[in-house]
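Report on one structure; see the data block that follows.
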Amino acid sequence: MFIELCCLTLLSVDNAGAPTFSEKEWAVVQSLSPAIVEKDTTNKYEHNENAALLGHAIFFDQRFSSTKKISCATCHTPEKYFTDGMAVAEGIQQTTRNTPTVLNAAHQRWFFWDGRADTLWGQPIQTMEHPDEMNMSREQVIATVDNDDALSELWAKAFGVLQADDVDANSAKIAKALASYIVKLEASHAPFDEFVAGDTEALSFSAQRGLKNFIGDGGCLRCHFGPWFTDGAFHSVGVGPLDGGPLQDSGRAGAIEKLKSSQFSAGGKHSDDPMSMRAVISKHIAKRREDWGAFRTPSLRNVAETAPFMHAGQLKTLDDVLEHYSTLENFVSADHHRETILKPLNLTKEQKNDLIAFLKSLTSPLPDSSLLTSP
Ligand code: HEC
Ligand code: HEC
């Protein structure tokens with residue numbers, strides 16, 4: 001009698017029970033964990049503690065914006081999993097893109113939603129100089145470090161004497177210092193990883209069913225695969241602009257020229273490994289027709305903590321995201337091109353809930369608290 005009662009209760013909470021995984025499916029599940037970041041040979045300061053401390057201090061310092069009111073942490077807020085909770089970021093002025101997290105950012109093949117940077121350290125100078133974001137020239141950035149006792153001391157420890165006239169080389173060092181801090185911001189050990197490692201209780205039955213759908217009928221794995229849940233490539237999933245109408249953001253298509261002309265690229269003068277695979281691939285990259293309106297497949301680790309979603313924060317909740325994949329009702333085609341592999345999934349309410357439970361199981365604790373505030 002007691003047993004029956006217990007199981008009836010269980011059933012009503014989680015009415016379809018635990019799914020079974022075939023040997024083949026389990027091999028796929030194992031390909032999704034554990035997540036490990038590869039070394040970036042284009043930044044020789046990547047694991048330099050003094051460089052990381054300098055980067056850490058700059059990340060939280062509002063003096064690195066023209067209004068002295070904005071730091072990297074204004075948009076990449078630690079408590080919000082290093083995002084800002086807004087559809088599109090607001091710095092000195094409103095921008096046109098959603099703030100991605102910098103947690104685990106080091107794993108990425110391409111940076112920014114359109115992949116216009118091919119290294120992590122290729123990103124910060126662009127952001128600091130952007131008139132809508134921080135609006136500081138690289139000369140002002142360097143002078144701010146040079147004129148501050150604590151920062152210039154960290155600089156000296158990491159890089160030696162600051163030669164103030166070598167502006168671009170110094171900017172690259174600041175960028176590499178910021179990257180070496182961001183490399184520490186790892187949050188890639190989630191209940192899902194415990195489950196793959198053998199703890200069958202780490203995931204609810206609902207999350208397990210969501211996982212099975214994710215790697216199976218849902219077709220998510222075609223783009224979100226591997227331990228970072230991304231193919232490192234660019235696609236259009238048909239989410240239109242925030243205010244309706246046709247697509248305006250050219251996405252990947254607009255990034256290729258910027259990537260090729262960037263001073264701070266894997267193959268450029270300031271790279272510590274200009275012959276690296278990253279550099280070689282960037283050099284040979286060519287614009288393709290389907291790049292117009294395509295955006296990077298984002299990682300799904302910690303995704304439940306980083307709403308709103310998509311490149312311009314068009315979708316407010318995970319439920320909205322799954323509704324989109326389920327119906328493709330508001331699909332906005334990049335005109336000549338439609339991602340042919342996407343078909344409406346017609347998910348039931350329960351399947352959606354299961355997928356959401358699975359996505360939530362990819363949430364890891366935030367990194368050590370010492371990394372979450374100014375040093
Ligand atoms: C005004 C808000 C804002 C500020 C300030 C800001 N960011 Fe960002 N950050 C963004 C947005 C928005 C993007 C995506 C832009 C795009 O894709 O075009 C981004 C992208 C990034 C990325 C790439 C992440 C990825 O997944 O590709 C990194 C790394 C990053 N920022 C680090 C920093 C650092 C370091 C600073 C300080 C120097 C900084 N950000 C300041 C909003 C901001
Ligand atoms: C064709 C490749 C592709 C498939 C298949 C796909 N995705 Fe995506 N996903 C993307 C791309 C690209 C984006 C970003 C699109 C944008 O910003 O315009 C994205 C965005 C997302 C986001 C928002 C992440 C964020 O940080 O904003 C979630 C959540 C997501 N996908 C989950 C799924 C799930 C669950 C499935 C299966 C039901 C799935 N995706 C299938 C490529 C794909």
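In each ligand, atom 1 is the first atom listed, and ligand 1 is the first ligand listed.
For Leu120, the closest heavy-atom approach to ligand 1 falls below 4.0 Å. Heavy atoms of Val239 stay at 4.0 angstrom or farther from ligand 2. A heavy-atom separation below 4.0 Å is found between Leu300 and ligand 2. Ligand 2 lies out of reach of Asn98, whose nearest heavy atom is not under 4.0 Å from it. Heavy atoms of Arg116 come nearer than 4.0 angstrom to ligand 1 in at least one pair. Within the 4.0 Å heavy-atom shell around ligand 1 one does not find Ser65.
Considering each of Gly218, Ser299, Gly219, the one bringing a non-hydrogen atom nearest atom 5 (C) of ligand 2 is Gly219. For the residues Phe59, Phe64, Trp113, the heavy atom positioned nearest atom 17 (O) of ligand 1 is part of Trp113.
Taking every non-hydrogen atom of Leu322 and a distance limit under 4.0 Å, the qualifying atoms of ligand 2 come out as 35 (C). Less than 4.0 angstrom separates some heavy atom of Arg97 from each of these atoms of ligand 1: 12 (C), 16 (C), 17 (O), 18 (O). Atoms of ligand 1 lying under 4.0 Å from any heavy atom of Glu90, numbered from 1 in the order shown and given with element: 1 (C). Remark: ligand 1 atoms within the under-4.0 Å shell around heavy atoms of Gly91 are 1 (C). With ligand atoms numbered from 1 in the order given, ligand 1 contributes 27 (O) to contacts under 4.0 Å with heavy atoms of Phe111. Counting the atoms of ligand 1 from 1 in the order shown, those under 4.0 Å from a heavy atom of Gln108 are 25 (C), 26 (O), 27 (O). Numbered from 1 in the order shown, with element, the atoms of ligand 1 that lie under 4.0 Å from a heavy atom of Met128 read 38 (C). Numbered from 1 in the order shown, with element, the atoms of ligand 2 that lie under 4.0 Å from a heavy atom of Leu345 read 38 (C). For ligand 2, the atoms closer than 4.0 angstrom to any heavy atom of Leu318 are 29 (C). Heavy-atom proximity to Ile70, at under 4.0 Å, picks out these atoms of ligand 1: 5 (C). Every atom of ligand 2 is numbered from 1 in the order shown, and the set under 4.0 Å from a heavy atom of Val237 is 10 (C), 11 (C), 15 (C), 42 (C), 43 (C). Residue Ser71 approaches ligand 1 through these ligand atoms, each under 4.0 Å from one of its heavy atoms: 5 (C).
For the pair Ala175 and Trp121, the tightest heavy-atom approach, listed with the atom from each and the gap, is CB-O, 3.2 Å.
Residue contacts with ligand 2 for Leu315 are absent, since no atom lies close enough (heavy atoms, distance under 4.0 Å). If you look at His311 next to ligand 1, there are no close heavy atoms at all, none under 4.0 Å. Within the 4.0 Å heavy-atom criterion, neither part of Asp84 lies near ligand 1. Here Ala117 has no heavy atoms under 4.0 Å from ligand 1, in either its backbone or its side chain.
The shortest N or O to N or O distance between Arg296 and ligand 1 is below 3.5 Å. Of the polar atoms of Phe112, at least one N or O is found under 3.5 Å from an N or O of ligand 1, judged by distance alone. Note: no N/O pair closer than 3.5 Å links Pro308 and ligand 2 by distance alone.
With respect to the salt-bridge test (charged N to carboxylate O, under 4.0 angstrom), the residues Lys157 and Glu49 do not qualify. At a threshold of 4.0 Å, the pair Arg109-Asp231 does not count as salt-bridged, since none of the basic side-chain nitrogens sits closer than that to a carboxylate oxygen. Between Asp249 and Arg97 there is a salt bridge, with a side-chain nitrogen of the basic residue lying less than 4.0 Å from a carboxylate oxygen of the acidic one. Taking 4.0 Å as the cut-off between side-chain N and carboxylate O, Lys212 and Glu25 count as a salt-bridged pair. Under the 4.0 Å criterion applied to side-chain N and carboxylate O atoms, Asp291 and Arg252 are not assigned as salt-bridge partners.
Checked by atom type, the side-chain pair Gln123/Thr127 shows a donor-acceptor distance below 3.5 Å. Side chains of Glu323 and Ser326: no donor on one and acceptor on the other come within 3.5 Å.
Ring pair Phe159/Tyr45 is perpendicular by interplanar angle, where above 60° counts as perpendicular and below 30° as parallel. The aromatic rings of His56 and Phe60 sit tilted, their planes meeting at an angle between 30° and 60°.
By the criterion of a separation under 2.8 Å, the protein N/O/S atoms near atom 8 (Fe) of ligand 1 amount to His76 NE2.
Remark: aromatic rings of Trp113 and Phe309 are distant, center separation not under 6.0 Å.
When the options Asp146, Leu54, Ile174, Leu53 are evaluated for a side chain to side chain contact (heavy atoms under 4.5 Å, CB included) with Leu151, the one that passes is Leu54. Results of the side-chain hydrogen bond (donor to acceptor under 3.5 Å, both in side chains) test with Arg301 over Thr230, Thr363, Asp193, Asn104 single out Asp193 as the only residue that passes.
In this view, His311 and Gln314 satisfy the side chain to side chain donor-acceptor pair (under 3.5 Å) rule, not counting sequence neighbours. Evaluation of the side chain to side chain donor-acceptor pair (under 3.5 Å) rule for Asp368 yields Ser370 as partners, not counting sequence neighbours. Annotation: side-chain contact (heavy atoms from CB on, under 4.5 Å) contacts of Thr348 (sequence neighbours excluded): Glu350, Gln351.
Residue contact annotation: Cys223 places no N/O/S atom under 2.8 Å from atom 8 (Fe) of ligand 2. Residue contact annotation: Tyr325 places an N/O/S atom under 2.8 Å from atom 8 (Fe) of ligand 2.
Remark: Asp217 CG is loosely packed, at most 12 non-hydrogen atoms of other residues, nucleotides or ligands lying under 6.0 Å away. A 6.0 Å sphere centred on NZ of Lys316 holds no more than 12 heavy atoms belonging to other residues, nucleotides or ligands. Around the NZ atom of Lys352, the shell of radius 6.0 Å holds more than 12 heavy atoms that belong to other residues, nucleotides or ligands.
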Checklist line | Test salt bridge (Lys or Arg N to Asp or Glu O under 4.0 Å) applied to Asp168 and Arg138, step by step | finding: CA-CA 8 Å; Asp168 294 339; Arg138 53 190 79 175; 3.0 Å; yes
